[in-house]
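Data block below; observations after.
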Amino acid sequence: MAFSAAEAAMPEGPSIVILKEAARQFEGRTIAAASGNSGGIDFAALPGQPLLAVRSWGKHLLLELPLFSLRIHLLMFGSYRINERKPDAVPRLALRFAEGGELNFYTCSVRQIAEALDTVYDWRVDVMADAWEPRLALRQLRAKPQMLACDALLDQNIFSGVGNIIKNEVLFRLRIHPLSKVKDIPATKLRELVKQARQYSFEFKQWKQASVLKQHWLAHTRRICPRCRIPLQKAHLGLTRRRSFWCERCQKRYDSAARPASVANERKQ
DNA sequence: CAGTTTGTTTTGCT
DNA sequence: CAGCAAAACAAACT
């Protein structure tokens, strides 16, 4: 049976999985009317096409149709309404179905994908996918030894679906300093990083669905370290310059260049 | 009320 | 041309 859903923005991978599950009520239904202010979309071709499948890859929501697919990316501020409309907002994409129901997307990027989705997307890098391959993520990390931990987690080709919140929480949970280089992180720790990228994403989803996500944040937007009670650091780190929250005391900065003070002093002479 | 940002693509500079 | 920085998008929150 149909149900409505409204969503404020929090568009990391888990939120897109929640959206996918909600949008699946329309699978098998036929588009009756389509409109929106997105450029590059052949709206006239949409009516009459059945929605074959609703899929997702990281932060992408994918609507698979017989002639092409639609890719919706909520970016930072995107939102949607299912079986209802956002008052005073113009949808980027609005779909009405012949059997009833409607799907509306706002302030997002909508693109048409001509190729088969299985040729466009590598499902193995989506941290929430059944096809997720942690070993592939490890291999890709080892290929980028100089990359910082805070940048690595945000790399959508390695950890598709991980966003800034998940980044901060995973690093805090594992006690890894965001400025640690991949090559300096011990193998065991690196494997944990890969494992937690997925693990935390599923917890994020559960918490979000229970409307208790924010209260579970330990580092993101927090001022005090919940473990050692000292003030958390806050800065825009890495190539991505995204906001990082971390504890200088309990997150270890793995650094092969660092040496004990005694050694450093000897070399000075 | 001004400032900030859960993300990505595009533009433009050095 | 590579590499990087800034802009653009625009809404909800502090």
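For A:E169 (side chain) and A:A219 (main-chain N/O), a donor-acceptor pair under 3.5 Å exists by modelled atom type.
Look at A:R92 and you won't find any side-chain N or O under 4.0 angstrom from OP1 or OP2 of C:dA11. For C:dA5, the OP1/OP2 oxygens have no side-chain nitrogen or oxygen of A:R241 closer than 4.0 Å. For B:dT6, one of the phosphate oxygens OP1 or OP2 lies less than 4.0 angstrom from a side-chain nitrogen or oxygen of A:R243. Contact annotation: A:Q156 side-chain N/O to B:dT8 OP1/OP2 distance is under 4.0 Å. Look at A:K86 and you'll find a side-chain N or O under 4.0 angstrom from OP1 or OP2 of C:dA12.
Atom name C1', nucleotides C:dC4 and B:dT6: the rounded distance is 24 Å, in whole Å.
Across the protein-nucleic acid pair, A:K234 atom NZ and B:dT4 atom P stand 8 Å apart, rounded to whole Å. If you measure from atom CD of A:E12 to atom P of B:dT5, you get 14 Å, rounded to the nearest angstrom.
With respect to the salt-bridge test (charged N to carboxylate O, under 4.0 angstrom), the residues A:E64 and A:R55 qualify. One finds no salt bridge joining A:E192 and A:R175 here, because no Lys/Arg side-chain nitrogen approaches an Asp/Glu carboxylate oxygen to under 4.0 Å. In summary, A:E102 and A:R81 do not engage in a salt bridge, as defined by a charged side-chain N under 4.0 Å from a carboxylate O.
Considering only the side chain of A:H236, B:dT5 comes nearest among B:dT9, C:dA11, B:dT5. Side-chain proximity of A:T107 to the nucleotides B:dG7, B:dT9, C:dA11 is greatest for C:dA11. Relative to the side chain of A:K214, the nucleotides C:dA11, B:dG7, C:dC13 differ in distance, and C:dC13 lies closest. The listed nucleotides are B:dT8, B:dT6, C:dA10; the one nearest the side chain of A:H73 is B:dT8. Side chain of A:F77, nearest nucleotide from B:dT10, B:dG7, B:dT5: B:dT5.
Pairing partner, B:dT6: none, since no Watson-Crick or wobble contact has both distances short of 3.5 Å.
The six-membered or imidazole ring of A:F204 lies away from that of A:H216, with a centre-to-centre distance of 6.0 Å or more.
Across all strands shown, A:H60 has no heavy atoms under 4.0 Å from either base or sugar-phosphate atoms.
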